[in-house]
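A short write-up of the structure that comes next.
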Protein chains: 2
Amino acid sequence: MTDTSALLLSERIRIALADEITTGALASGVALDEQQIGDRFGASRTPVREALRQLASSGLIEMRPRRGAIVAAMTPDTIADMFEMSAEMEALCIRLATYRMTPIERSALRRLHEASEAMVAAGDIDAYDTFNLRFHQAIYEGTHNRFIAAQAVALRERMAAFRRTQLRESGRPVKSRAEHGQLLDAIMRGDGEEAAKAMRAHMFNASSAMERMIQSQS
Amino acid sequence: MTDTSALLLSERIRIALADEITTGALASGVALDEQQIGDRFGASRTPVREALRQLASSGLIEMRPRRGAIVAAMTPDTIADMFEMSAEMEALCIRLATYRMTPIERSALRRLHEASEAMVAAGDIDAYDTFNLRFHQAIYEGTHNRFIAAQAVALRERMAAFRRTQLRESGRPVKSRAEHGQLLDAIMRGDGEEAAKAMRAHMFNASSAMERMIQSQS
DNA sequence: CCTGTTTCCAGTGTATGCAAGAATGTGTCC
DNA sequence: GGACACATTCTTGCATACACTGGAAACAGG
């Protein structure tokens, strides 16, 4: 993907760790030893520490002074709170986007949606997850507010692990795509409030699917 | 205030710099030399670098690889975008808070509002600014969603410089307090949508006052 | 066997040193 | 006089070294 060799060492470490956390490779609560991480990347502790600081401010890890860093502890309550924020953030974005997207942006969104039909039919979860990201990102950009879009991306990034879990429930991709269709309809009708409501419902359904997945796993 | 001697050196530097940026003591675009900052705090470059990394992830400064850090550049567009996000965030909080605050929380909010009358009458801007923070923070906590409250606090923190500017417009504190009264009414009536609308108006008025202040200064 | 104390060590926090890249100034050529 | 190439200097990025703290392990007393 991106050429990491040009980046600073601390950036490469930060991106790699963020990736491992959001994909779930590094489980919640795991301790992060600076020396150990440094060895893994062939780096000293200095760039590792800088990476950890940044991950801490983005909320992916928690740093306790003189006691090291751990992957952010996720209680069911915390997750529920994050899902609510996420739903409201998405609702805000789609409401603004409905009123502000250009005709070109609107048709690009429709094309994206149409292209996703094949992925659902083929049951390709990874492809659909990638599409999902692009669909929502197109809505963020439709707000024509860079600050809001950046915040939305950061929040979505942080919830990546849960989103993928949720899509694995049987039949969920089909439903998810149908919900996207409703979002698109509301946007095309120019009804921002309706689009926001549909988005809250979409996010709620995703959240419920995730809860069921977690229940069934335990 | 807080006993800084117990904190880590890097934390003290981070807090001090954040304070200087949010109060406007460090103007937008100013270059931040690591060695120079270190000398100022009697520290080496290591803790300074860690502080800078964190400030960068919170958006207060921008780091250009191998080219140092500068206080985040604020174009009028960026500021407008941030104000919109801020208004929507506050609107979200007050809507949720209206439906979720306990009677005790509600009466605490009313008492806060009543106490602010004297500050406005005395023309004490600093005291009113502090009250303002507490009033809005009580609303954040009224959401009973820690994640949303934390995001709201972070956003408000970042806009601190603008808020204080805005309150210096003659007559603004009186109007601000009157608007708070309307917010309180909507909360007491349990009308979350109305509270959200009143909050957007409140934030819009604050933003307009700030624009006028900036215009008159230049 | 349990509890409170002491010791020790793994791991973090900070300072310093060195190397590489960016910014700046100087000289030469047109 | 202006533009480009080169050298110099300044700053950042990373590595290493040392100091300090928190917590586990060992130990003594009940």
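All values below come from the heavy atoms of this structure, side chains included, with hydrogens, waters and symmetry mates left out.
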Self-check item: Rounded distance in Å - CZ (A:Arg49) to P (D:dA15)
Solution: 14 Å
Quiz item: Has the side chain of B:Arg45 got a donor or acceptor that lies under 3.5 Å from a partner of the other kind on the base of D:dG13?
Solution: yes
Practice problem: Could you say whether A:Arg66 or A:Ser10 is positioned toward the 5' end of DNA chain D, judged by the nucleotide with the nearest heavy atom to each? | Solution: A:Ser10
Practice problem: Figure out the CZ/P separation between A:Arg64 and C:dT12, and round it to whole Å. | Solution: 10 Å
Practice problem: Quickly work out the B:Gln35 CD to C:dA15 C1' distance and round it to whole Å. | Solution: 11 Å
Quiz item: Should the pair B:Phe131 and B:His180 be assigned to parallel (<30°), tilted (30 to 60°) or perpendicular (>60°) ring geometry?
Solution: tilted
Self-check item: Atom-to-atom span, CZ of A:Arg67 to C1' of D:dA24 - whole angstrom
Solution: 13 Å
Self-check item: Polar side-chain contact B:Thr46-C:dT16 base: donor and acceptor under 3.5 Å
Solution: yes
Self-check item: Distance, rounded to the nearest Å, where B:Leu7 contributes CG and C:dT12 contributes P
Solution: 19 Å
Exercise. Just call it for A:Leu32: base, sugar-phosphate, or nothing, with non-hydrogen atoms closer than 4.0 Å on any strand.
Key: sugar-phosphate
Quiz item: Quick one: A:Ile13 CD1 to D:dG13 C1', roughly how many Å, whole number?
Solution: 12 Å
Quiz prompt | Candidate pair B:Gln35 and B:Arg45, rule side-chain hydrogen bond (donor to acceptor under 3.5 Å, both in side chains), full reasoning | solution = CA-CA 6 Å; B:Gln35 186 66 57; B:Arg45 286 175 45 225; 4.8 Å; no
Self-check item: Check against side-chain hydrogen bond (donor to acceptor under 3.5 Å, both in side chains), B:Glu141 and B:His136
Solution: CA-CA 9 Å; B:Glu141 281 159 21; B:His136 283 266; over 6 Å; no
Exercise. Look at the side chain of A:Glu211 and the backbone N and O of A:Ser208, then say whether any donor-acceptor pair between them is shorter than 3.5 Å.
Key: no
Quiz item: Atom CG of A:Leu8 and atom P of D:dA15: how far apart are they, to the nearest Å?
Solution: 12 Å
Practice problem: Can you figure out which of D:dA15, D:dT11, D:dG13 approaches the side chain of A:Ala43 most closely? | Solution: D:dA15
Quiz prompt | d(CG, B:Leu52; P, D:dG13) in whole Å | solution = 10 Å
